[in-house]
Amino acid sequence: MTFERYQRMGVAGLLSVVLTACGERRNFSPTRAYQELTGFAMGTTWSLKYEGSTNPDDLKALRKSLDDRLEELENQMSTWREDSQISRFNSTRSTNWFPVSADMVRVVAAAELVSRKTDGAFDITTYPLVRLWGFGSAEVPDELPDTEAIAAARRAVGYRNLEHREDPPGLRKSLAELQIDVSAIAKGFAVDQLVEMMERGACTNYLVEIGGELRASGQREQGGPWRVGIEDPVVGKSRIEEVLPLKNAALASSGDYRNFLDINGRRFAHIVDPKSGRPLPQRDLAVSVLRDNCMSADAWATALTVLGPQAGLEIANSNGLPVMFRHRMNGAIKVLDSEHWPARSGSD
């Protein structure tokens, strides 16, 4: 579904689909139950659990509208697609304003905010470094990049070299070599977009997840808030050590124990430190962040992973962020909570 077609369809068309699926259409009384839809997008899986109509046509229509929106976002923000909006921006060496979607501007603006608050620990302009180390759509190198190659890539990096404007929506680079990668924030933004669709359709009980980033509203089928599991950062194992109630909030997690790369016998996390130009060492570290929107939680989780438990906890506290660090120390998993992380309870 192209952006132009989405515009022609308009909000009313999407709302009609979601309103029907949620069982709120006037003069319409469908059987209601908790439903689950799943799919694949943005290089990962997505799922939606919600209370709504059991009519098969309603489910089919809702799924299509969600798939169309996710496809639209991929056409804008996927570095894997050569004809995507972000790939075309990365390929140009012009330092003039480049027209982009309003979605892209919102994502870049949110990324810049986290970059400023973390002194550049989060930086979407690290794409030259991402490619140098063989992450994303690049080929994995046989040998570690040398100091000269890293320094050359770093000269094309820096969030202050990227501008954005809302009207007309556009981006502008001050360095011709500058390239961006929004993968550390785009999944969270996509979660928020699906949430917006559900809320416009009067759905109040739902859990949206894309690649492990979540946002919930209302209650689960069994009653009470949605419950999500938080893993210990153990390589090669999936071990839930804590269950968090999630209501009217978003949760994003980042870490170095799931997605990593082995180069010449050395293991690196799949996150590049913008200041060193090198991937993070694999430290058995996981960070979970609670926010009212998933885009912000997604970006902050990556930034705090780069900063690590000590510096990350200080910044989380100074910004009033509910954050939990789990990391291996002396053979055991240590848990560190920020001042605003919710108190633990044994109840559901």
Side-chain angles (χ1 to χ4, degrees), residues 44-45 114 118-123 126 129-130 133-136 140 144 183-185 187-188 209 211-214 227-246 250-291 294 297-319 321-346:
T44 187
T45 58
V114 177
T118 59
D119 191 27
F122 184 81
D123 192 336
T126 55
L129 290 165
V130 169
W133 286 94
F135 299 147
V140 178
L144 298 177
S183 59
I185 190 172
K187 288 195 297 295
E209 178 267 339
E213 319 301 5
L214 305 119
R227 304 173 76 237
V228 298
I230 297 178
E231 293 181 342
D232 265 354
V234 178
V235 175
K237 295 182 179 180
S238 180
R239 190 170 69 195
I240 301 298
E241 288 298 321
E242 186 165 339
V243 176
L244 181 72
L246 193 65
L251 175 72
S253 299
S254 180
D256 60 21
Y257 67 103
R258 279 281 176 262
N259 201 356
F260 48 81
L261 193 65
D262 290 313
I263 304 177
N264 198 20
R266 296 178 61 183
R267 176 168 290 178
F268 300 93
H270 213 268
I271 300 174
V272 175
D273 183 342
K275 294 188 176 180
S276 70
R278 300 174 183 273
L280 301 177
Q282 203 270 315
R283 300 167 290 177
D284 289 344
L285 172 68
V287 183
S288 298
V289 180
L290 284 168
R291 300 289 282 163
C294 203
D298 198 5
W300 272 108
T302 299
L304 294 171
T305 300
V306 172
L307 290 167
Q310 183 174 349
L313 200 60
E314 292 177 4
I315 285 186
N317 287 332
S318 65
N319 285 275
L321 297 173
V323 174
M324 179 180 63
F325 288 88
R326 304 179 81 91
H327 69 112
R328 187 179 297 279
M329 187 178 238
N330 299 324
I333 300 298
K334 185 174 182 180
V335 179
L336 296 173
D337 297 342
S338 70
E339 295 169 357
H340 291 80
W341 186 259
R344 288 167 174 80
S345 171

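All values below come from the heavy atoms of this structure, side chains included, with hydrogens, waters and symmetry mates left out. If you read the sequence from its start, that first residue is 1, and numbering goes on from there. Small disclaimer: the values here were computed from a predicted structure and weren't measured.
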Practice task
Would you please test Leu307 and Glu314 for side-chain contact (heavy atoms from CB on, under 4.5 Å) and show each step?
Solution key: CA-CA 10 Å; Leu307 290 167; Glu314 292 177 4; over 6 Å; no
Problem - Trace of the side-chain contact (heavy atoms from CB on, under 4.5 Å) decision for Asp123 with Val272 - result: CA-CA 9 Å; Asp123 192 336; Val272 175; over 6 Å; no
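- In terms of the salt bridge (Lys or Arg N to Asp or Glu O under 4.0 Å) criterion, Asp273 has no residue partners (sequence neighbours excluded).
- Contact of the Leu280 side chain with the Val306 side chain is registered, since non-hydrogen atoms from C-beta on lie closer than 4.5 Å.
- Applying the salt bridge (Lys or Arg N to Asp or Glu O under 4.0 Å) criterion to Glu339, with sequence neighbours excluded, gives no partner residue.
- Taking each heavy atom of Ile315 and Thr118 in turn, the nearest pair found is CD1-CA, 4.3 Å.
- Side chain of Glu213 to main chain of Ser253: a donor-acceptor pair is present (N/O by atom type, distance under 3.5 Å, no hydrogens or angles).
- Looking at residues two or more places apart in sequence or on another chain, you find no salt bridge (Lys or Arg N to Asp or Glu O under 4.0 Å) involving Lys334.
- In this structure, the side chain of Thr126 does not engage the main chain of Pro274 through any donor-acceptor pair within 3.5 Å.
- Here the straight-line distance linking atom CG of Leu129 with atom CZ of Arg278 works out to 10.5 Å at 0.5 Å rounding.
- Between Lys275 and Asp119 the shortest side-chain heavy-atom distance falls below 4.5 Å.
- For Trp133 (side chain) and Gly277 (main-chain N/O), a donor-acceptor pair under 3.5 Å exists by modelled atom type.
- Residue Trp341 comes nearest to Ser288 through the heavy atom pair CZ3-O, 3.7 Å, listed as atom of the first residue, atom of the second, then distance.
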Handout entry: side-chain contact (heavy atoms from CB on, under 4.5 Å) evaluation trace for Gln310 with Leu336
Key = CA-CA 9 Å; Gln310 183 174 349; Leu336 296 173; over 6 Å; no
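- The two atoms that bring Ile271 and Phe135 nearest to each other are N-CE1, 4.4 Å, heavy atoms only.
- Contact record, Gly255 with Thr305: N-OG1, 4.0 Å, taken as the closest heavy-atom pair.
- No donor-acceptor pair under 3.5 Å is formed between the side chain of Lys187 and the backbone N or O of Gly212.
- Nearest heavy atoms, Val287 versus Ala301: CB-O, 4.2 Å.
- A donor-acceptor pair under 3.5 Å is absent between the side-chain atoms of Asp298 and the main chain of Cys294, judged by distance alone.
- At a threshold of 4.5 Å between non-hydrogen side-chain atoms, the residues Leu244 and Pro342 count as touching.
- For the pair Asp284/His327, no side-chain contact is recorded, criterion being any heavy-atom separation below 4.5 Å from C-beta on.
- Closest approach of Glu242 to Met324, counting heavy atoms only: OE1-SD, 3.6 Å.
- Counting heavy atoms from C-beta outward, Asn319 and Trp300 have side chains that approach closer than 4.5 Å.
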